[in-house]
Amino acid sequence: MSSQPASEQFDVVVIGAGPAGYPAAIRAAQNKLKVACVDQWQNADGSYAFGGTCLNAGCIPSKALLESSELYLRAKQEFSAHGIRLSDVQLDLGIMQGRRAAIVKTMTGGINALFKANGVVGYQGHGQLRPGNIVVVTGADGAEKRVEAKHVVLAPGSVPVRLRSVPHDGKWIVDSWNALEFDAVPARLGVIGAGVIGLELGSVWRRLGSEVTVIEALDEFLPMADQAIAKEALRHFKKLGLDIKLGAKVSGAEVSGSTVKVKYVDAAGEHAFEVDKLVVAVGRKPFTEGLLADGTGVVVDGRGFIEVDEYCHTAVPNVWAVGDAVRGPMLAHKGKEEGVMVADRIAGRFAEVNYKVIPSVIYTAPEIAWVGQTEQQVKAGGRAYKVGTFPFSASGRARAMESTAGLVKIISARDDDEILGIHIIGPMAGELIGEAVLAMEYSASTEDIQRTIHAHPTLSEALHEAALAVDKMAIDSINR
Ligand SMILES: Cc1cc2nc3c(=O)[nH]c(=O)nc-3n(C[C@H](O)[C@H](O)[C@H](O)COP(=O)(O)OP(=O)(O)OC[C@H]3O[C@@H](n4cnc5c(N)ncnc54)[C@H](O)[C@@H]3O)c2cc1C
């Protein structure tokens, strides 16, 4: 292509086809706008794929492995309780990883199909915003294509944070993407960071047989979760065999042969241990490298986030930004809602995101999910509150499933019965939280849940009973 190629014109150009960008593109097309979406994601073999971190290296492959590894462990440890005798449960990691890769391929391929069906033009290559709402797309061969857009939506996502003292090499010292693609179970695995990603990856490899040590700098475990839930979670993770060291700061790591020596400091002094692989899972940072040419006027803050208002509009007219690259939790569903909101606002329709009601899920066993405020946040806010809990050990369905660990906890306002937060640790918590989100989105009171019929026997009855317990009216457990 020449250096001054002809411009193609669109109503909307989206840069990034992750869970924030591709829904923005699809909704904009549904709104009868002419749309293009540009994405630069390349797999190890050089192939391009839509879907961003979530589909290629995050939510979907991690859940595929969490499911497989959980089944493996249950077959080994739990099936006998059901009267199912297996003489020899064997792991075939090649097949497990093949299944993970096939799911990713199907899902990312699905976005191509959705783009086609909705009339979105997909470009594979690097997108750069230039002043005047021009986007330059550079393909793998270096050829440039210049497109003009009435509106540009920036959805470039995030990348893992790396530690200077722990030099990444992709083989021994790895990030979350590498850790999803191990071709052998490491005998000893170190994980730096006891956040959501660290705990999920640690669980996968522990279930498959690794000795797992998780190093966390903070003294508190899962500080973003309700502390009653976090305490229960820590107990179960220790039972699984995760060696979680809190208040431990990694000071360095060195590879020697096929061993990684990890050094850390805690209140008792300096320590060291050796592992076969070390995963750095200390968080993610917005990715805006090469995204903005000089003079666009888009503002990036000191931490690398693109500055936006509550409607994801940047400081520049008709330039929007959504997903992990803007403030708020780095979650796929938060990005998706932002993408859809922006596409609707561009089309002149009313749309907003209720940032107070964004669910969080940790796909460990037991699963953890919550929405709204934690008890510690409610307490700090000073509003009088009441709490109801219900243990899964009292749920008939949980007993039938042999999954009785955990509880549901509901926090409600004393004055008007408003639900302030719902916290679940237990089987299918990530599915159960849907009801809680809907209730809070519709400003339900605790009484509304109390008066809603829940099918029997289901796990959702635990939510019903926890709501009853808020007013000491639980039927299936003792009210305290
Ligand atoms: C291991 C792991 C597990 C996770 N599990 C969950 C989970 O269970 N649930 C959940 O909600 N979240 C989960 N997340 C987080 C989730 O993946 C992110 O919140 C989500 O992907 C963010 O979406 P996004 O569209 O903003 O960015 P991304 O998914 O990162 O997508 C951005 C896309 O834009 C492309 N891009 C960037 N810059 C340019 C450019 N200049 N030109 C062209 N293309 C560009 C990138 O290559 C990428 O394809 C997980 C993350 C990880 C790492």
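In each ligand, atom 1 is the first atom listed, and ligand 1 is the first ligand listed.
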Charged N-O contact under 4.0 Å between D11 and K150:
yes
Is it true that the side chains of S68 and R99 contain a donor and an acceptor less than 3.5 Å apart?
yes
In terms of side-chain heavy atoms, does T259 have a donor or acceptor partner in E274 at a distance below 3.5 Å?
no
Looking at atom 51 (C) of ligand 1, what's its closest protein heavy atom, distance included?
I197 CD1, 3.8 Å
Can you list the ligand 1 atoms lying under 4.0 Å from a non-hydrogen atom of F287?
37 (C), 38 (N)
Proximity to ligand 1 by part of S158, non-hydrogen separation under 4.0 Å
backbone
With a 4.0 Å cut-off on N to O distance, would you call E375 and K409 a salt bridge?
yes
With heavy atoms of A155 as the reference, note each atom of ligand 1 found under 4.0 Å away.
32 (C), 33 (C), 34 (O)
How far is atom 18 (C) of ligand 1 from the closest protein heavy atom, and which atom is that?
D324 OD2, 3.3 Å
Can you spot which of I244, V214, V212 makes a side-chain contact (heavy atoms from CB on, under 4.5 Å) with F237?
I244
Result of checking D39, V13, V38 against V137 for side-chain contact (heavy atoms from CB on, under 4.5 Å)
V38
Do you see a donor-acceptor pair shorter than 3.5 Å between the side chains of N354 and E441?
yes
Counting each atom of ligand 1 from 1 as listed, which ones have a heavy atom of G323 under 4.0 Å away?
26 (O)
Starting from atom 8 (O) of ligand 1, find the nearest protein heavy-atom neighbour and note its residue, name and distance.
K63 NZ, 2.7 Å
If we only count heavy atoms from C-beta on, is the E352 to E310 side-chain gap below 4.5 Å?
no
Please report which non-hydrogen protein atom sits nearest to atom 15 (C) of ligand 1, along with the residue it belongs to and the distance in Å to one decimal place.
M330 O, 3.9 Å
Mark yes when over 12 heavy atoms from residues, nucleotides or ligands other than E431 sit less than 6.0 Å from its CD; otherwise mark no.
no
Would Q40 count as a polar contact of ligand 1, with the cut-off being nitrogen or oxygen pairs under 3.5 Å?
yes
Examine the proximity of ligand 1 to K334 and report which part, side chain or backbone, both or neither, has a heavy atom under 4.0 Å away.
neither
May I ask you to check whether G51 has an N/O atom sitting below 3.5 Å from an N/O atom of ligand 1?
no
Of all the heavy atoms in G290, does at least one lie under 4.0 Å from an atom in ligand 1?
no
Taking the side chain as C-beta and beyond, is there a heavy-atom pair between K285 and R303 under 4.5 Å?
no
Students should be able to answer this: which protein heavy-atom is nearest to atom 27 (O) of ligand 1, and at what distance?
G157 CA, 3.0 Å
Taking the side chain as every heavy atom from C-beta outward, state whether E200 and K63 have any pair of such atoms under 4.5 Å apart.
yes
Rounding to 0.5 Å, atoms CZ (F182) and CG (L93) come to a distance of 10.5 Å
If the cut-off is 4.0 Å to any non-hydrogen atom of S62, which atoms of ligand 1 fall inside it?
3 (C)
Out of all atoms in ligand 1, which are within 4.0 Å of some heavy atom of C54? Include the element for each.
17 (O), 21 (O), 29 (O)
Identify the closest protein heavy atom to atom 9 (N) of ligand 1: which residue and atom is it, and at what distance?
C59 SG, 3.8 Å
In ligand 1, which numbered atoms sit nearer than 4.0 Å to a non-hydrogen atom of Y363?
8 (O)
A281 heavy atom under 4.0 Å from ligand 1:
no
Identity and separation of the nearest protein heavy atom to atom 37 (C) of ligand 1
P156 O, 3.1 Å
Do E232 and H236 have a side chain donor and acceptor closer than 3.5 Å?
yes
Are Y22 and F50, when compared by the centres of their aromatic rings, separated by less than 6.0 Å?
no
Examine S176 against ligand 1 and note whether any of their N/O atoms are separated by less than 3.5 Å.
no
Under 4.0 Å from a heavy atom of G52: which atoms of ligand 1 are those, numbered in the order shown and with their elements?
29 (O), 31 (O), 48 (C), 49 (O)
Heavy atom to atom 25 (O) of ligand 1, shortest distance: which of G16, A24, A20, A57 holds it?
A20
Quick one: nearest non-hydrogen protein atom to atom 11 (O) of ligand 1, plus distance?
A332 N, 2.8 Å
Which of the atoms of ligand 1 are close to L291, meaning less than 4.0 Å from one of its heavy atoms?
41 (N)
Regarding atom 2 (C) of ligand 1: of the candidates P359, A17, G58, which has the closest heavy atom?
G58
Would I15 count as being in polar contact with ligand 1, using the rule that some N or O on each side must be under 3.5 angstrom apart?
no
Just how far is it from atom CG of L240 to atom NZ of K238, taken to the nearest 0.5 Å?
13.0 Å
Measuring from atom CG of L278 to atom CZ of F273, what distance do you get when rounded to the nearest 0.5 angstrom?
7.0 Å
On a heavy-atom basis, I'd like to know which of V38, L55, D39 is closest to atom 35 (C) of ligand 1.
D39
